[in-house]
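Everything quoted here is computed from the prediction, not taken from an experiment. Proteins get letters first, then strands, A, B, ... in listed order; numbering begins at 1 in each.
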Amino acid sequence: MLVALAALGSAGPADAAVKQVRYVGIHPIPASEGGGICYIEGPHVHIFEASDRLQYRDHRGANYFVGDPVAYGYDGQRYVYRGHHPIHVDAVVGDDVPDDEFCYIDGPHYHSFAPPEGPEFKVSGDAYFYVGDPPRAYVEARPRMVRINAEYQPLVYERPVVTVDPPAGWIGARAEFVTPAVVVEPPRAGVRVEAVAPEPSVRAGVGIGIGVGVAAGIGIGIGAGTVVRERPVIVHERPVIVHERPVIVHERPVIVHERPVIVRERPVVVRERPVVVHERPVVRERVEVQHKTMVDDRPHAAGHHR
Amino acid sequence: MSAVTRTFMFMSALAAAAACTKAGEGDKAAGAAASPRDAVLDAWKANKLAPSAMAPATVAFAKDCQAGSVAGIDAMLCSFASVSEAKSAEDQGLAWVGSATGASQARGQVLIMLADRKKADPSGRTINQLLKLAPNEPFR
């Protein structure tokens, strides 16, 4: 999928550090890249990843978008589908590599292509209904792939309205392909509980969820042969909608810039200051002089002794 | 037959031959392209996507290439001897696209490489149109 452009040489003015990501067919553009739809129908490249893996399948090493493009602003030719169905990718993109993928969007939705003519689809009310037998791969991947519906739940856009009853054999009405939506406790004595798990709710414009209807009938026997039957209590539970938002972890490379430690050894300059010894002159001579003066100033008394 | 008559007939024949030659050239200019690459360029021009002057370009994986731009998108057209050769060079053409949205697809004997380096086509509509307009039949 990723085309390393490390060995470009003189092939073109490309940035050797950037990785191309291959796509085929129209697809949403991430909001970080401007949003909207890329309308290139054939193989092409971008320099951004297809981040939402539930909405893409691999086709010959390229990302192929299997979601509803109208939810992201697609304004081209569109076709209405209801419920899960196969996508013959090779027919859509026009190559000769067989590739059957499955769309797991519940209820009415759009695609930019019509299915090939054949018995596996029936058209009713301008909508395509899949009535074929899905492969085992579809059943196995379904628990993981149906999470795509949680991603479409918060998207606000004009969804198609399908009011007709689905044709016989539609995958959404076949018990073997309807996910049990409610767990019913074992009935207690005297109480009969019937649980019905109908097809997924497909009301357009309301959202995508799983409707659960529970019908409970209670029969109470009194005396011999007297049976009082209360009217069944029908509890319509509101659709259980699980908003599972994908956790996208952007692992950013940790770049450690090791800056070289530059130790600048400054030369130690030892300036030896000359020791100046000021030898102060000894003024002995002056003292002697003073002493001599003092001696001279004394009055002579030698004559008195005599 | 006099000399004057013979001279007149000869001059008339020359004039007729020149007229036929000009008519033939005119037909060719109006219809058939001179090369597979010209066929692509003509298809673009016919749909108001006139490319800039295409100049010879050198790439490692093809010998006969010209590059220019169409509606703000860088374009490179390389002619190959066969359809299969052009098809097999598609991946190498992506190297020329580089770090941009773009495509490298063979149309007949021509490898078309388009790169939106100036982000002039954020929705890819122009690239899609250029690829769809290019004739895909082998050039004869």
Side-chain angles (χ1 to χ4, degrees), chain A residues 1-50 60-63 65 69 72-77 92-97 112-113, chain B residues 55 57-63 65-69 71 73-78 83-84 86-107 110-134 136:
Chain A
M1 185 184 302
L2 299 177
V3 180
L5 297 176
L8 281 176
S10 61
D15 182 354
V18 175
K19 289 180 180 177
Q20 293 176 334
V21 182
R22 296 191 184 202
Y23 291 79
V24 60
I26 67 164
H27 61 89
I29 299 171
S32 60
E33 301 294 331
I37 288 282
C38 171
Y39 286 85
I40 304 174
E41 298 171 46
H44 60 282
V45 295
H46 292 288
I47 52 173
F48 52 78
E49 290 280 354
R60 298 174 60 195
N63 292 291
F65 176 67
Y72 299 93
Y74 174 75
D75 61 4
Q77 183 75 42
V92 176
V93 302
D95 65 22
D96 52 1
V97 179
S112 63
F113 49 84
Chain B
T58 303
V59 292
F61 53 89
K63 294 176 181 175
C65 299
Q66 290 185 2
S69 68
I73 294 168
D74 293 342
M76 169 98 80
L77 302 180
C78 295
V83 174
S84 60
K87 187 75 179 171
S88 63
E90 285 183 338
D91 281 357
Q92 292 170 294
L94 289 175
W96 179 84
V97 173
S99 57
T101 291
S104 172
Q105 292 185 26
R107 292 289 185 271
V110 179
L111 179 64
I112 301 174
M113 289 159 279
L114 303 168
D116 184 19
R117 298 194 178 98
K118 298 170 189 158
K119 298 188 184 299
D121 184 27
S123 68
R125 290 180 195 266
T126 304
I127 289 178
N128 192 54
Q129 189 180 9
L130 290 168
L131 292 170
K132 293 184 81 171
L133 287 173
N136 200 21

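Side-chain atoms of A:I47 and A:V21, non-hydrogen and from C-beta on, never get closer than 4.5 Å to each other. Under the 4.5 Å side-chain criterion, counting only non-hydrogen atoms from C-beta, B:L130 is not in contact with B:I112. No side-chain heavy atom of A:V24 sits less than 4.5 Å from a side-chain heavy atom of A:F65.
Highest contact tally toward chain A, considering only B:A100, B:S123, B:A57, is held by B:S123 [criterion: heavy-atom pairs under 4.5 Å].
Ring geometry for A:H44 against A:H27 counts as parallel: the plane angle stays under 30°, on a 0 to 90° scale with 60° as the upper cut.
Ion pairing of B:R125 with A:D75 is present here, as a side-chain N (NZ or NE/NH1/NH2) and a carboxylate O approach within less than 4.0 Å.
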Mind running salt bridge (charged side-chain N to carboxylate O under 4.0 Å, His left out) on A:R22 and B:D91 for me, showing each step along the way? CA-CA 11 Å; A:R22 296 191 184 202; B:D91 281 357; 3.1 Å; yes
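Residues of residues 32-40 of chain A lying within less than 4.5 angstrom of chain B, judged on heavy atoms, are A:I37, A:C38, A:Y39, A:I40 in numerical order.
In this structure, chain A has no heavy atom under 4.5 Å from any part of B:K119.
The only option from B:K87, B:E90, B:M76 that meets the side chain to side chain contact (heavy atoms under 4.5 Å, CB included) definition with B:L111 turns out to be B:E90.
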